[in-house]
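Residue numbers count from 1 along this sequence.
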Amino acid sequence: MSPKEAPLVKLAFHREPIRLFISSITPLRIVSDRIKKSKKYGQIRSSIFYSGLAEPPVVVPDRDEKEKYLLLDGHMRVSVLTELGHEEVDCLIATDDEAYTYNKRVNRLATIQEHQMILKAIEKGVSEEVLARVLNVNIQNIRTKRGLLEGICAEVVELLKDKHVPINTFRELRKMKPLRQIEAAQLMIAMNKFSCPYARSLVGATPVPQLVETAKPKKINGLTDEQIARMEQESAQLDREFHLLEETYGQDHLDLVIATGYVKRLIENARVVRYLAQSFPELLTEFQKISEIDETSKFNSPN
């Protein structure tokens, strides 16, 4: 097909942002007090306060009210701007009224990605103090993330590069030798469980020769030698059962993706959201919970 015959692709946004009064923007959901107390909200507030707004909110003209706009994406950012006393904000104008949550289609920075971002920022001359203020964390948190991958083998880094893994989980992984680190990472991915207590239990189920400090006996608070041996046996059994589950995983995952996808499409339409909010608010709340399920991480393939 020649360039002249190629079909035109409709732009999702107007080419240039537009500056709007915040009072002319109607949100499609409320930023609750619980959300305002969350760590994520605090980080957004700190980032806007120190660095300004990096990502414009997304709005669409309200069909029912002239010179009014519906807020499709950026509810927390607009809330923060209001708190800080801003009256105007630069917005991207969407070309349809789908209540499409754009940021849900963007993969948030995983732990390792954040580590790499911090390293790059420091290499470019950004101080640890500035990073701590912008990210709304203490400076020790920045230093811990800076040395996150010390003692972690390259294969595990590759396996966990797009996962949201608690920092303390890496501390537990360092206690194991590379081959066992890889096994532990694969188990965490298979179970979609990356918590520090789970990683600690994997360390407890690891034979002494596969630990980094083999000269020291394993001591886990509250566990006897017999319990540790049983954990090692159960860990091996779990690995065998996991391979059996792989056989049925594909169909179960497909059914779940289809169901959640249908619900997401329903509440990506602003008109449907307005109708549900007015007539069935409880149902809308449940639909929103379902739509927030991230199938790429919550139901991650064991492969």
Side-chain angles (χ1 to χ4, degrees), residues 43 106-128 131-132 134-135 137-220 228 231-232 234-243 245-246 249-250 253 294-303:
Q43 289 177 332
V106 178
N107 289 326
R108 298 298 180 188
L109 279 179
T111 310
I112 290 177
Q113 293 169 340
E114 188 176 9
H115 156 80
Q116 294 169 340
M117 180 196 73
I118 288 172
L119 289 183
K120 288 181 180 179
I122 292 174
E123 288 174 3
K124 292 181 178 180
V126 181
S127 69
E128 293 177 342
L131 283 172
V134 171
L135 296 176
V137 297
N138 61 54
I139 193 168
Q140 185 55 47
N141 183 281
I142 296 295
R143 290 169 179 167
T144 300
K145 290 181 178 179
R146 183 178 183 177
L148 182 74
L149 301 182
E150 293 177 3
I152 305 297
C153 70
E155 290 82 359
V156 170
V157 173
E158 182 65 23
L159 285 170
L160 301 180
K161 66 181 181 181
D162 59 350
K163 309 299 180 187
H164 296 275
V165 183
I167 294 176
N168 289 336
T169 294
F170 288 96
R171 182 188 63 197
E172 297 299 322
L173 288 173
R174 290 190 195 99
K175 298 177 182 179
M176 298 178 275
K177 290 184 177 179
L179 285 178
R180 179 56 180 168
Q181 282 186 16
I182 295 170
E183 290 180 0
Q186 290 172 335
L187 277 172
M188 287 190 289
I189 292 171
M191 302 299 294
N192 191 37
K193 194 170 185 179
F194 303 95
S195 67
C196 182
Y198 182 62
R200 192 178 299 121
S201 72
L202 292 175
V203 173
T206 300
V208 173
Q210 295 183 34
L211 295 175
V212 171
E213 299 179 349
T214 54
K216 297 181 180 180
K218 287 192 297 182
K219 294 294 182 182
I220 302 177
I228 291 174
M231 286 178 64
E232 293 176 357
E234 291 176 352
S235 177
Q237 177 64 25
L238 179 63
D239 189 47
R240 290 191 293 269
E241 291 176 354
F242 162 66
H243 290 297
L245 286 174
E246 285 183 316
Y249 176 85
H253 179 265
D294 182 2
E295 66 265 22
T296 61
S297 60
K298 193 75 173 177
F299 310 110
N300 193 38
S301 170
N303 293 322

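Cys153 contributes atom SG, which lies 13.5 Å from atom NZ of Lys177 (distance to the nearest 0.5 angstrom). Here the CD1 atom belonging to Ile152 is positioned 5.0 Å from the CG atom belonging to Leu173, to the nearest 0.5 angstrom. Taking CG from Asn192 and NZ from Lys163, the interatomic distance works out to 7.5 Å, rounded to the nearest 0.5 Å.
When all heavy atoms are compared, the tightest approach of Pro166 to Ser195 is CG-CA, 4.2 Å. In terms of heavy-atom proximity, Phe194 sits nearest to His164 at CB-O, 4.1 Å. Taking every heavy atom of both residues into account, Glu172 and Ala199 meet most closely at CB-CB, 3.8 Å. Shortest non-hydrogen contact noted between Ile189 and Leu159 is CD1-O, 3.6 Å.
Lys175 places a side-chain heavy atom less than 4.5 Å from the side chain of Val203. Contact of the Glu158 side chain with the Glu155 side chain is not registered, since no non-hydrogen atoms from C-beta on lie closer than 4.5 Å. You'll find the side chain of Leu160 stays beyond 4.5 Å of the side chain of Thr111, heavy atoms only. Val157 places none of its side-chain heavy atoms less than 4.5 Å from the side chain of Phe170. A heavy-atom distance below 4.5 Å is not found between the side chains of Thr169 and Tyr198. Gln181 has its side chain within reach of Met176: a pair of non-hydrogen atoms, C-beta onward, lies under 4.5 Å apart.
Salt-bridge annotation for Arg180 and Glu183: present, with a side-chain N of the basic residue lying under 4.0 Å from a carboxylate O of the acidic one.
Partners of Asn141 according to the side chain to side chain donor-acceptor pair (under 3.5 Å) rule, which considers only residues two or more places apart in sequence or in another chain, are Lys145. Listed by chain and residue number, Ile122, Ile139, Ile142, Arg143, Arg146 satisfy the side chain to side chain contact (heavy atoms under 4.5 Å, CB included) test with Glu128 (two or more places apart in sequence, or in another chain).
Enclosure of atom CD1 in Ile167 by more than 12 non-hydrogen atoms of other residues, nucleotides or ligands within 6.0 angstrom is indicated. At most 12 heavy atoms of other shown residues, nucleotides or ligands fall within 6.0 angstrom of atom CD in Glu150.
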Test log, rule side chain to side chain contact (heavy atoms under 4.5 Å, CB included), inputs Met188 and Leu202 = CA-CA 9 Å; Met188 287 190 289; Leu202 292 175; 3.9 Å; yes

